[in-house]
Number of protein chains: 2
Amino acid sequence: MTDRALPHVLVIGGGFGGLWCTRALAAAPVRVTLVDRTNHHLFQPLLYQVAMAGLSSPDIAAPLRHILRRQRNVTVRMDVAREIDVARRRVRLDGGTLEYDYLVLASGARHAYFGHDEWARHAPGLKTLDDALHIRRHMLEAFEAAERAADPREQAEWLDFVIIGGGPTGVELAGTLAEIARHALPREFRHSDPRRSKIHLVEAGPRVLASMPDVLSERARRQLERLGVSVHLGKAVTAIDARGVDLGEERIDARTVIWAAGVAASPLGAQLGAECDRAGRVRVAPDLSLPAHPDAFVVGDLAAVTQDGKPVPGVAPAAKQMGAHAAAMIRARLAGRPSRPFRYRDYGNLATIGRMAAVVDLGRIRFSGAPAWFFWLWAHVFFLIGFRNRLVVMAEWIWSYFTYQRHARIIIGCRDETVGCPSSGEVDGRRTNRQA
Amino acid sequence: MTDRALPHVLVIGGGFGGLWCTRALAAAPVRVTLVDRTNHHLFQPLLYQVAMAGLSSPDIAAPLRHILRRQRNVTVRMDVAREIDVARRRVRLDGGTLEYDYLVLASGARHAYFGHDEWARHAPGLKTLDDALHIRRHMLEAFEAAERAADPREQAEWLDFVIIGGGPTGVELAGTLAEIARHALPREFRHSDPRRSKIHLVEAGPRVLASMPDVLSERARRQLERLGVSVHLGKAVTAIDARGVDLGEERIDARTVIWAAGVAASPLGAQLGAECDRAGRVRVAPDLSLPAHPDAFVVGDLAAVTQDGKPVPGVAPAAKQMGAHAAAMIRARLAGRPSRPFRYRDYGNLATIGRMAAVVDLGRIRFSGAPAWFFWLWAHVFFLIGFRNRLVVMAEWIWSYFTYQRHARIIIGCRDETVGCPSSGEVDGRRTNRQA
């Protein structure tokens, strides 16, 4: 329990922005409530690995409560924010209404279909663990369906994959999928050959990894093609159905399509009464607060911040820095100190493509291929260890008996509260095969 | 591809019975098709650990294709068997019809509600990975709901748990849940105290672990109570609703109820035209074939086998031995040798209860407490290593880049093929909080 007399900071969203803000308030004379609709913080840079079955969910997620258990001024609440009233300084959640003295909105972004919500049905996106498990299931079931298919044309459609969007996520997914099809699966099938899979990466713009310098985009494209990915540049998707994708006149037949293209900001941003950009991001004051409501801050992917004429990118380091800045501004207000504008420090930009394939842009230094891949690996292991001790995790199943800790306390899957789809199979008596 | 001229053995179910049968046919002059509705073999003795968030799904499951990739006479097919025609020797699956020369039915058992299917809604059972993830989600969400609850009575109902059934699964779940509530969670909540959780274990019979000798049942009960579990013996459940359980006149208020009581054989057994026992298990000839159809065998939990006047128990070693026996009988038929009756070799019976608490019955030797717990641990690590190299698995996330193998290729979760419940949240535009 925290002192009710202290100012109340309400943080919405337990991603990089919200979590780093919460941590930065550890020593401040405030009580903090951190609200997230899930029970975990997700290390999103490795989410594609969960979708591609290389990692399991607990490897890249940790319960927010567990991360913050020693920070006594924080209450973690698993709940969903529905309405924000910045005039009365309160937020309505599914489980009740909370008042605040300071609000930090860090509810991020979701993938978006540019007004074609009907595409969601055929082309799942990747933003949460549930999304990743959904894509994993689709991907694995496609290879199973190809093995069962009697018709060669149907088999080919099951073996082919389209990934829409040539940003970092699309590139990672395409490269990894090509590896899986070529190397992980081939010996295991008898009637189909996963090596005959075709992986298509479709990008509407003129190059992949548009945030990288031209030369690295080109190297990334070459590395993708070396892995066996067909890269389609300058092709906009005009339709998606269960059997494939239309790119204007062109058609790609494939029963599995993954969406890695658009992003739209959380709809909560629109409730702040502030100006938003086209993607729904909130235009904030230089110190990340709302121009009309200096007690409310917006951080992370939901904030539209421009620096030196360029938008600050929607990446984890930017979100962390914004979260920490919002916390510093709250501490400054409480101490009667003036606000400072936010400055994004860009330490570089890197993207992985596949086995021994990556590109790294550190400003003056740029490299690609195996050295870039090792650099990427090192950087991610480093940050993952900072967030939860990776080596301990590997031995955790043995030691959990002794430490009492459980590494898999992650809520995933569907939320059907009646019987739940997982067990619905037995309700109609059709669950006949042994599962053991 | 296998030689179409060879006799075709169709194995239905990739559990211990079906998988051990398939493996035992490796050198036989047959082609084998192994059908399972999932893509994985599950090490069911540790399934309760997945439900209790101690292990993640890939820790105890492996793709059947991967296990059998070097056995060239096997085709693995992920499909669902619907109808068996023993007269015409064919099986209709969702994806087509297969003919066979020999059938091995190993489709196992599901949990059953003794005619009260409406209880499934409030009291999920534990037999598959999906079940385990469903129970995990319920369990973790109950502690979250308790933290949010303003009403003390509602909070207490969220903190209390009822487990129905005092067999090995019920005992394991109750003991582990008591540990989680007392040791894993307490420091992480601010408004509720998980140490105040009450864990109730309800058993209709006079003792827990009824398959054990009396003295070990009594020791198990004492160990459970030392861990903080309330054991209710001789109490039959008369009703279950969203708020608790009725035991005749008595009532236990608890919003989370887990079913570990009844088991019913796969409904496929009833299609064989053979006699079944009360639980739906098929009464087989001494060599495990059907009396009227010697080319069809039933193994594992679906087979009703009596030995020395006692039923062979529904445990993994019995299923493995039956699977291997059916394979041996098929080889004997093909070689013109006579059938042998199946003999179950009972190596002992062990059950774990919680930290340093277990019971072991090796016939003449019986022990409990810490020594039994270490024995249980050793036995399970041993068998798990036998099934998939455990130490390699622990380092797998690092090495998967180099080996190309992915340890998490497991299909879990719901099967809603429209948008899928995992991502349905964003379809109605209500997915507002940042998930990252």
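Protein chains get the first letters and strands the later ones, always in sequence-line order, with residue 1 at the start of each.
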Side chain / backbone / both / neither for Gln71(A) at chain B, heavy atoms under 4.5 Å: backbone
Run the numbers on His191(B) and Arg77(A) for side chain to side chain contact (heavy atoms under 4.5 Å, CB included), then give the verdict. CA-CA 10 Å; His191(B) 302 297; Arg77(A) 181 175 174 127; over 6 Å; no
Value for CG (Asn39(B)) from CD (Glu147(A)), rounded to nearest 0.5 Å, stands at 12.5 Å
If you round to the nearest 0.5 Å, how far is OG1 of Thr75(A) from CZ of Arg148(B)? 13.5 Å
Under 4.5 Å from any heavy atom of chain A - which part of Val50(B): neither
Any idea which heavy atoms bring Leu68(B) and Arg190(A) closest together, and the distance? O-NH2, 3.4 Å
My understanding is that only one of Arg69(B), His66(B), Arg65(B) makes a side-chain hydrogen bond (donor to acceptor under 3.5 Å, both in side chains) with Glu188(A); could you say which? His66(B)
